[in-house]
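Per chain, numbering begins at 1; letters A, B, ... match sequence-line order. Since the structure is predicted, the reported quantities are computational estimates derived from the model, not experimental observations.
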Amino acid sequence: MVITLPDGTEKTFPAGITGLDIAASIGRKLAEAALGIIVDGRLQDLGTPITRNAGVSIVTFDSPDGKEIFWHSSSHLMAQAIEELFPGAKFGAGPAIEQGFYYDVAYPERFNEDDLRNIEAKMLEISGRDIAIRREEMPREQAIGYFRESRKDPYKVEILEETLKGVETVSVYHQDGFADLCSGPHLPNTGKIRAVLLTNISASYWRGDSSRESMQRIYGVTFPSDKLLKEHVARLEEARRRDHRKLGAELGLFMLTPEVGSGLPIWLPKGAIIRNELETFLKGEQRKRGYVPVYTPHIGNIELYKRSGHYPYYSDSQFPPLTYKDETGREEQYLLKPMNCPHHHLIYSSDLRSYRDLPIRLTEFGTVYRHEQSGELNGLVRARGFTQDDSHIYCRPDQLVDEICNAIDLTRFVFNTLGFDEVETRLSLHDPANQAKYGGTAEVWEQAEKDVKEAADRMGIKYFIGIGEASFYGPKIDFIVRDAIGRKWQLGTVQVDYVMPERFDLSYIGSDGQKHRPVVIHRAPFGSMERFIGVLIEHTAGNFPLWLAPVQVTVLPIAEDVHDYAREVYAKLQAAGIRAEIDLRSEKIGKKIREAELSKIPVMLVIGRNEQEAREVSVRRHRKGDEGRLGVQEIVARLSEEIAQRA
RNA sequence: GCUGAUGUAGCUCAGUCGGUAGAGCACUUCCUUGGUAAGGAAGAGGUCAUCGGUUCAAGUCCGAUCAUCAGCUCCA
């Protein structure tokens, strides 16, 4: 029997050999690190006998597959520990996730922190017993009996009876007295799991259904060594350090207060500078690309949203309507606007449009209000009042793909400028199985999705498909970045819409003199200014590039006798339009520098007697240190240039 | 919205068994005039989230509300 390894080398083995044997034949270390094996593209247990010629690769913790196996087995290990410590606990679902695993547990008592520590200790103890993990296949009917009678776990029985209805044979993994219904694969033994951290407990509904019983979901992460766990903990601490809510307060960027309302961020002067710079940047870029600015009110007649179809779709996540009654008893209802599109559509149809006028690109930083569920609110990244860098492009069908490409190009330009280089792109398509969720006809959707794909392919972007992620009026291209804690956030978006033009009866006069229907593109490179800046804060850890820094330069005189010269330098910076501060306190230079470093000011200009005599400044860059002396004109010119370049 | 946790000075946090509130940093004033990440001294700062209850007495115990955090569910 011939086994082909990933590097192309071929080895001959007797039939029935296992992955572990193959790993051992390559090296002792690999045998130790091996967690599973991929045989002809299929991930399986290390102990599964291989009976014919195959291409194999050994899976270790370094690969995503390896982590998946490791953490999935860890969830079983945790379940076993819980079962030993808390007899009677029943188990729901326990998968591996991106950063570890969880298990949903039904148990009458609430678990607390101490319980977690005890479970951790028990897991390590079980790991120390180095129990073999054994796979057993059995007919589904037999498994139902097993889980009902022996394991007494109603949740597994439910999975067997419903989710796995059509399946003949299922697999059960055993380790000591513990057994779990699971397709696998799993680790060969529990001993591989050497470091355990249970991170938190939360509630979850059985099968994600809020009408079903609530279970306790215990999250954890495990590693093959303590060293890896320590690194993981260090990453978590770094994430906490970068949390935009913490940095936003420390750096005086924004605030949230119940006196205004939850989820309603207030921009403080320093945060407003960042937002204003970003807006100025995008406005300038859009001007170059043929967008025209408009302004629209913050509320709109409710009829507008009924017409657009937003109201019925999203009435539960809107602030309740404002009702106005005049003396005659006539009633009008207004909605705090949850999106800008309807206003823009009315601007479009306020005039007769010729095919020669298209595309028309209306743009506005439009503030919208959505009553997000209280549990969803999260600093700037999930707020109830936020501002979209919203534009609507009205174009002819023959211009559509070009216009989508332009919007993608702008979005990419924005992300590159801001230093987001790891952006995932999702083509968000509709779910054909759930057509009722969407507006428009099947043909229109087919066309729209074809156009979106064509544009994405032409722009050469790498994307993945998200079925059911489309909005109700059309497919989208979504740009997704991760925050410091690894959570994903959708920022920019480009959306195609054939539905709104119908609803608002938008038209243009074609070359044939007849009325035609334009197509609308909704696009927002930043998405929401609040969310974008929230993610930007975490991305930069508050160390903003010079052009965005709320305070760009601080002038630090060493002693009082150079205050006059320091003021002169400060005045020159201000005159050049550089955001500068001056620290005239009677503190030592070390303290002034420390405070400037902590407030993450990019440039410090230290001035003492030597600098005064030479008409120079000592330049110190944040996190870099002393960079030597420069003439005043020189430093002003260099900083101005760096700001202009948005470097 | 649901489940759980949390809420004490501007910030980070102590506060024991229920007996009228504490530290460090920041802030203010004074002294100090210094060379690349914390000079010294003094002072000021609190409706212990809010409302109600138990008690002779509540930061502490109980309940409700609000907010925040974690997760679930949702996301134009």
Side-chain angles (χ1 to χ4, degrees), chain A residues 97 102 104 110-113 199-219 240 243 245-246 249-250 252 256-259 261-263 305 308-318 337-342 368 370-379 382 388 390 428 439 469-474 476 478 485 487 489-490 493 495 497 499-500 522 524 527-528 531 556-563 585-599 604-611 618-628:
Chain A
I97 52 177
Y102 67 77
D104 286 342
R110 284 275 150 210
F111 294 117
N112 59 35
E113 284 293 317
T199 46
N200 57 52
I201 314 168
S202 71
S204 66
Y205 298 112
W206 168 234
R207 314 193 105 186
D209 180 346
S210 57
S211 67
R212 303 293 303 269
E213 60 267 45
S214 182
M215 302 181 82
Q216 301 186 68
R217 178 169 294 180
I218 302 183
Y219 286 84
R240 267 193 288 279
D243 189 311
R245 293 163 298 194
K246 183 175 155 62
E250 278 172 12
L256 287 156
T257 164
E259 287 167 285
S262 75
Y305 303 100
S308 71
H310 287 101
Y311 188 68
Y313 275 97
Y314 300 107
S315 55
D316 55 340
S317 59
Q318 282 159 190
K337 77 174 169 188
M339 84 291 304
N340 305 298
C341 344
V368 298
R370 299 178 183 174
H371 194 269
E372 306 290 0
Q373 295 182 34
S374 58
E376 270 311 311
L377 300 177
N378 183 282
R382 198 81 156 118
Q388 296 176 313
D390 209 359
S428 301
E469 299 284 349
S471 79
F472 78 87
Y473 52 69
K476 323 184 273 179
D478 292 317
I485 320 166
R487 289 179 297 201
W489 295 102
Q490 182 190 312
T493 181
Q495 314 181 355
D497 182 354
V499 174
M500 289 303 137
H522 307 241
S528 135
R531 172 177 296 178
L556 306 178
I558 288 169
E560 230 170 277
D561 54 353
V562 295
H563 276 193
R585 296 173 308 162
S586 61
E587 292 294 348
K588 289 193 170 181
I589 192 64
K591 177 153 184 169
K592 293 183 183 184
I593 286 169
R594 177 181 155 80
E595 289 183 7
E597 289 283 353
L598 290 176
S599 24
M604 288 150 266
L605 299 183
V606 177
I607 291 175
R609 236 165 263 166
N610 300 335
E611 287 79 4
S618 279
V619 180
R620 182 191 164 96
R621 297 289 297 225
H622 173 49
R623 300 201 300 164
K624 295 199 186 98
D626 196 347
E627 297 198 336

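- Residues A:Gln490 and A:Glu469 form no side-chain contact, since every pair of their non-hydrogen atoms from C-beta on lies 4.5 Å or further apart.
- Taking 4.5 Å as the limit, every side-chain heavy atom of A:Pro342 sits out of range of all side-chain heavy atoms of A:Met500.
- Rounded to a whole Å, the CG atom of A:Leu598 is 10 Å from the P atom of B:rA38.
- Of the two residues near RNA chain B, A:Gly263 and A:Lys476, the one whose nearest nucleotide lies more 5' is A:Gly263.
- The side chain of A:Arg585 lies closest to B:rC27 when the candidates are B:rC72, B:rC27, B:rA37.
- To the nearest whole angstrom, the two P atoms, one in B:rA21 and one in B:rC48, are 10 Å apart.
- One atom, CD of A:Gln216, and another, C1' of B:rA70, lie 14 Å apart when rounded to the nearest Å.
- In summary, the side chains of A:Gln495 and A:Tyr473 do present a donor paired with an acceptor at a separation below 3.5 Å, with no hydrogens or angles considered.
- On a pure distance criterion of 3.5 Å, no polar donor-acceptor pair joins the side chain of A:Arg370 and the base of B:rC74.
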Tabulate atom names and distances for all N/O pairs under 3.5 angstrom spanning the protein and nucleotides 5-13 of chain B.
none

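- Here A:Arg217 lies in heavy-atom contact (under 4.0 Å) with sugar-phosphate atoms only.
- In this structure, OH on A:Tyr219 lies 7.0 Å from CG on A:Asn200, to the nearest 0.5 angstrom.
- The shortest heavy-atom contact between A:Tyr305 and A:Pro338 is CE2-CD, 3.7 Å.
- Among the candidates A:His622, A:Arg621, A:Arg620, the single residue satisfying the side-chain contact (heavy atoms from CB on, under 4.5 Å) test with A:Lys624 is A:Arg621.
- As judged by a 4.0 angstrom heavy-atom cut-off over every strand, A:Tyr102 is placed among residues making no nucleic acid contact.
- The A:Ser262 side chain lies nearest to B:rA67 when the options are B:rA67, B:rA38, B:rA76.
- B:rU28 and B:rA9 have their C1' atoms separated by 15 Å, given to the nearest Å.
- Distance noted for atom C1' between B:rG35 and B:rU68: 45 Å (whole Å).
- Within the 4.0 angstrom heavy-atom criterion, base atoms lie near A:Glu611.
- Within 4.0 Å (heavy atoms only), A:Leu377 reaches sugar-phosphate atoms of the nucleic acid but no base atom.
- Comparing the C1' positions of B:rG24 and B:rU8 gives a spacing of 15 Å, expressed to the nearest Å.
- Using a 4.0 Å heavy-atom distance criterion, A:Asp626 is classed as a base contact.
- A:Ile589 comes within contact range of the sugar-phosphate backbone alone, with a heavy-atom separation under 4.0 Å but no base atom that close.
- Taken from CD in A:Glu250 to CG in A:Asp243, the straight-line distance is 10.0 Å, to the nearest 0.5 Å.
- Atom pair A:Leu256:CG and B:rU68:P shows a separation of 7 Å (rounding to whole Å applied).
- Residue-level contact check: A:Ser618 touches the bases, meaning some heavy atom is under 4.0 Å from a base atom.
- Atom CE in A:Met604 sits roughly 15 Å away from atom C1' in B:rG35 (whole-Å rounding).
- Distance alone, capped at 3.5 Å, places no donor-acceptor pair between the A:Lys476 side chain and the A:His522 backbone.
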Dump every N/O contact between nucleotides 44-48 of chain B and the protein below 3.5 Å, one line per pair.
none

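- When the P atom is compared between B:rU12 and B:rA26, the two are found 15 Å apart, to the nearest whole Å.
- When the C1' atom of B:rA70 is taken as reference, atom CZ of A:Arg382 falls 16 Å away, rounded to whole Å.
- Applying the salt bridge (Lys or Arg N to Asp or Glu O under 4.0 Å) test to A:Arg594 and every residue at least two apart in sequence or in another chain returns nothing.
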Requested in this report: With pairs defined as Watson-Crick or G-U wobble and both distances under 3.5 angstrom, please note down RNA chain B as a dot-bracket string, | for pairing with another strand.
Outcome: (((((((..((((.....[..)))).(((((.......))))).....(((((..]....))))))))))))....
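- A:Lys588 comes within 4.0 angstrom of a nucleotide base, judged by non-hydrogen atoms across all strands.
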Pick out the pairs of N or O atoms, protein on one side and nucleotides 29-33 of chain B on the other, that lie under 3.5 Å.
residue, atom, partner, partner atom, Å
B:rU32, O4, A:Ser586, OG, 2.8
B:rU33, O2, A:Glu560, N, 2.8
B:rU33, N3, A:Glu560, OE1, 3.0
B:rU33, O4, A:Glu560, OE1, 2.4

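- A:Pro338 comes within contact range of at least one nucleobase, with a heavy-atom separation under 4.0 Å.
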Extract from the structure each pairing of a protein N or O with an N or O of nucleotides 2-4 of chain B at less than 3.5 Å, listing the distance.
residue, atom, partner, partner atom, Å
B:rC2, O2', A:Tyr205, OH, 2.6

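- Between the A:Ser262 side chain and the A:Pro258 main chain, no donor and acceptor come within less than 3.5 Å of each other.
- In terms of polar N and O atoms assigned as donor or acceptor, the side chain of A:Ser317 comes within less than 3.5 Å of the base of B:rA76 in a complementary pairing.
- In this structure, A:Glu597 contributes its side chain and A:Arg623 its backbone to a donor-acceptor pair below 3.5 Å.
- Under the side-chain contact (heavy atoms from CB on, under 4.5 Å) test applied with A:Val606, the options A:Val619, A:Ile593, A:Asp626 reduce to a single match, A:Ile593.
- Atom-to-atom, NZ of A:Lys591 to C1' of B:rC25 comes out at 9 Å; the value is rounded to the nearest Å.
- No engagement by A:Glu627 is indicated, since no non-hydrogen atom pair under 4.0 Å with the nucleic acid exists.
- Distance CG (A:Asn610) to C1' (B:rU36): 13 Å, rounded to an integer number of Å.
- The distance from the OG atom of A:Ser618 to the CD1 atom of A:Ile589 is 9.5 Å, given to the nearest 0.5 Å.
- The OG atom of A:Ser528 sits 10.0 Å away from the CZ atom of A:Arg382 when rounded to the nearest 0.5 Å.
- The residue A:Gly590 sits close only to the backbone: its heavy atoms come under 4.0 Å of sugar-phosphate atoms, none of a base.
- Distance A:Glu595 CD to B:rU36 C1': 14 Å, rounded to the nearest Å.
- Rounded to whole Å, the separation between the C1' atoms of B:rC17 and B:rC13 comes to 23 Å.
- Considering CD1 of A:Ile607 and CG of A:Leu556, their distance stands at 8.5 Å, rounded to 0.5 Å.
- The P atoms of B:rU47 and B:rA70 are separated by 28 Å, rounded to the nearest whole Å.
- Panel note: side chain A:Arg370, backbone A:Met339; no donor-acceptor pair is recorded below 3.5 Å.
- Nucleotides B:rU20 and B:rA57 place their P atoms 14 Å apart, quoted to the nearest Å.
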Query raised in the report: Can you list the steps and then say if A:Val562 with A:Glu611 is a side-chain contact (heavy atoms from CB on, under 4.5 Å)?
Result: CA-CA 9 Å; A:Val562 295; A:Glu611 287 79 4; over 6 Å; no
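- Counting heavy atoms of neighbouring residues, nucleotides and ligands inside a 6.0 Å radius, atom CZ of A:Arg609 does not exceed 12 of them.
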